[in-house]
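Here the structure comes first, spelled out in structure tokens, and everything after it is commentary.
Convention: sequence-line order gives letters A, B, ...; per-chain numbering from 1. What you see below is based on every heavy atom in this structure, not just the backbone, and it leaves out hydrogens, waters and symmetry mates.
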There are 2 protein chains.
Amino acid sequence: MSETLPSPSFRPLYEQIKILITQSLVAGEWKPGEAIPSEIELAARFRVSQGTVRKAIDELASEHILVRRQGKGTFVASHSEPSYQYRFLRVMPDSGQKLTPHNVLLEVRKGRASGEIARALAIKAGAPVHAIKRILEFQDRPLILDEIVLAAARFPGLTVPRLEEFKGSMYSFYEAAYGLRMIRAEERIRAVAAEPGVAAHLRVAAGTPLLCVDRIAFTYGDMPVEWRRGLCLTDGFSYYNELA
Amino acid sequence: MSETLPSPSFRPLYEQIKILITQSLVAGEWKPGEAIPSEIELAARFRVSQGTVRKAIDELASEHILVRRQGKGTFVASHSEPSYQYRFLRVMPDSGQKLTPHNVLLEVRKGRASGEIARALAIKAGAPVHAIKRILEFQDRPLILDEIVLAAARFPGLTVPRLEEFKGSMYSFYEAAYGLRMIRAEERIRAVAAEPGVAAHLRVAAGTPLLCVDRIAFTYGDMPVEWRRGLCLTDGFSYYNELA
DNA sequence: GAGTGGTCTAGACCACCCC
DNA sequence: GGGTGGTCTAGACCACTCT
């Protein structure tokens, strides 16, 4: 009897508006940091009431895709803005004080995607990738050794100098240099013992327990863009998380 | 000139409604799992429009304090409901399959709050506490060794048999036995090496890297209720987190 | 069918920002 | 003062659940 799924077959208007706005974002009609048209303008454009546009924008704002600023307008969220700069960095000092990490680039090399990474990035195994190694320092102390893998097809012409001349977080670099906005990420955390090479970079004894944080970061439409593995010392620092 | 702060001095109606609803929840007017009055009833009671009540409930629902069910009503969220049972447990198999943890109680003993724990629980250092030790097992494998500390004043008459006879998560126990609903929690994660006693409980070699997850869990009004330290094996399991 | 939450509209007015 | 987002209202209609 159930020839078709009991599918929704009903789409609220505001969800359709969300999709239309997202499409304009993907198409680059409004760039990170810029204002989008006012609610009234969008309502006229989409032939709906302001309240419906409002609900669509509300949700996009709660997903950190847009940012509302009363009296000024609604803006495209950007990793270049100070408050969003290290939005995905959950490692922080136990003291609670603010941190300003310092980026030390170790290497950028071309390689081919392993099975695991290909799956994570939704590309073919063996596809060309960029593999980046870097260290994040806090107060001149190395704290995190990161390995970052990107599909070469999405990042043409990525070279050490281009990365090195760039000040700011990786994600503001992706945004500025390739127009790729990271929307959300998934992390899986395990505890591991530092291998000798890693230990040397972090200036600790081999075998020191480290957090191993695997991350996949996504752009619009849940498209994976970046695979990352961070090996992280937790001496005076910890991974902070809010459960709600 | 600025004798007073440029304080808000403006409270949206829906925030005041939120506070009123929360007060009714604290007072126990509606119990976990029960339905609260319909939006129309609440609107009449508070002398506001349904839309205003709606916005208040929307926010409480997004904070997982209430749960809306179309066609049925709005309910007080409860840790006893299956979907909320292990709401705060972020450790899961790498395979992604669902898990049914098994609780093994090791001990419940009376003690006094250390400085750190007193700070976390907002009680006086040296105040009486209950200290619980337990192991969480998955598929007959010990995975997490938990130490849980509760202010004795909030949990009168807590004994091993009472805990042992209870089926379900800790938080559904707090809810059922003491009317304490946990709303949110903060965690700090570090990597540590298993000490011999811990290693024995988890059936691994001493020195094995473990996640050390410190948690403070809060009830209404950001009142801390529980301090917890989990030592967690990450062999085939990991701590999963979504960054948005 | 009656009752609930969910969507959509239209309009009024408020708070905030900038000129 | 004029524009923007933020609040509040009142009412219509839709989708879902239960009886």
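- Rounded to a whole Å, the CZ atom of A/Arg68 is 19 Å from the P atom of D/dG3.
- In this structure, the side-chain contact (heavy atoms from CB on, under 4.5 Å) partners of B/Ser24, at least two apart in sequence or on a different chain, are B/Glu29, B/Trp30, B/Arg45.
- A donor atom on one side chain and an acceptor atom on the other are not found under 3.5 Å apart for B/Glu39 and B/Thr74.
- Within residues 51-63 of chain B, the residues that have a heavy atom under 4.0 Å from DNA chain D are, in order of number, B/Thr52, B/Lys55.
- Distance CG/A/Leu25 to NZ/A/Lys31: 10.5 Å, rounded to 0.5 Å.
- Of the possible polar contacts, one joining the B/Arg181 side chain to the B/Ala77 backbone as a donor-acceptor pair under 3.5 Å is found.
- Taken residue by residue, residues 19-40 of chain B places heavy atoms nearer than 4.0 Å to DNA chain C at B/Ser38, B/Glu39.
- One can place CD of B/Glu41 at 11 Å from P of C/dG3, the figure rounded to the nearest angstrom.
- Remark: P of D/dG6 and NZ of B/Lys18 are 15 Å apart, rounded to the nearest angstrom.
- A close approach under 4.0 Å does occur between a side-chain nitrogen or oxygen of B/Lys72 and OP1 or OP2 of D/dC18.
- When every heavy atom of A/Gly230 is checked against every heavy atom of A/Asp146, the shortest pair comes out as CA-OD1, 3.1 Å.
- Seen from the ring of A/Tyr178, A/Arg154 does not count as a face-on cation partner, given the 6.0 Å and 45° thresholds.
- Between A/Tyr14 and C/dT7 there is a side-chain polar atom (N or O) within less than 4.0 angstrom of OP1 or OP2.
- Here D/dT7 is the nucleotide among D/dT9, D/dT7, C/dT4 with the atom lying nearest to any side-chain atom of B/Phe10.
- Of the candidate nucleotides C/dC8, D/dA15, C/dC16, D/dA15 has the atom nearest to the side chain of B/Gln70.
- Partner B/Tyr171 forms a ring pair (Phe, Tyr, Trp, His ring centres under 6.0 Å) with one of B/Tyr84, B/Phe88, B/Tyr86 and no other, that one being B/Phe88.
- Distance B/Arg11 CZ to D/dG6 P: 17 Å, rounded to the nearest Å.
- What separates CG of A/Leu66 from C1' of D/dG5 is a distance of 13 Å, to the nearest Å.
- With rounding to whole Å, B/Gln50 atom CD is found 13 Å from D/dA12 atom P.
- In this structure, of C/dT7, D/dG5, D/dT9, it is C/dT7 that holds the atom nearest to the side chain of A/Pro12.
- In terms of modelled atom types and a separation under 3.5 Å, the side chain of A/His130 and the main chain of A/Phe155 share a donor-acceptor contact.
- Considering only side-chain N and O atoms, A/Arg69 lies nowhere under 4.0 angstrom from the phosphate OP1 or OP2 of D/dT4.
- The pair A/Glu116-A/Arg188 fails the salt-bridge criterion, with no side-chain N (NZ, NE, NH1 or NH2) lying under 4.0 Å from an Asp/Glu carboxylate O.
- Dashed line: the shortest gap from a side-chain N or O of A/Thr74 to OP1 or OP2 of D/dG5 is under 4.0 Å.
- We find that CG of A/Leu42 is positioned 17 Å from P of D/dG3, with the value rounded to whole Å.
- As a whole-Å value, the separation of A/Arg47 CZ from C/dA10 P is 12 Å.
- Between A/Phe237 and A/Phe138, the ring-plane angle classifies as tilted under the 30° and 60° cut-offs.
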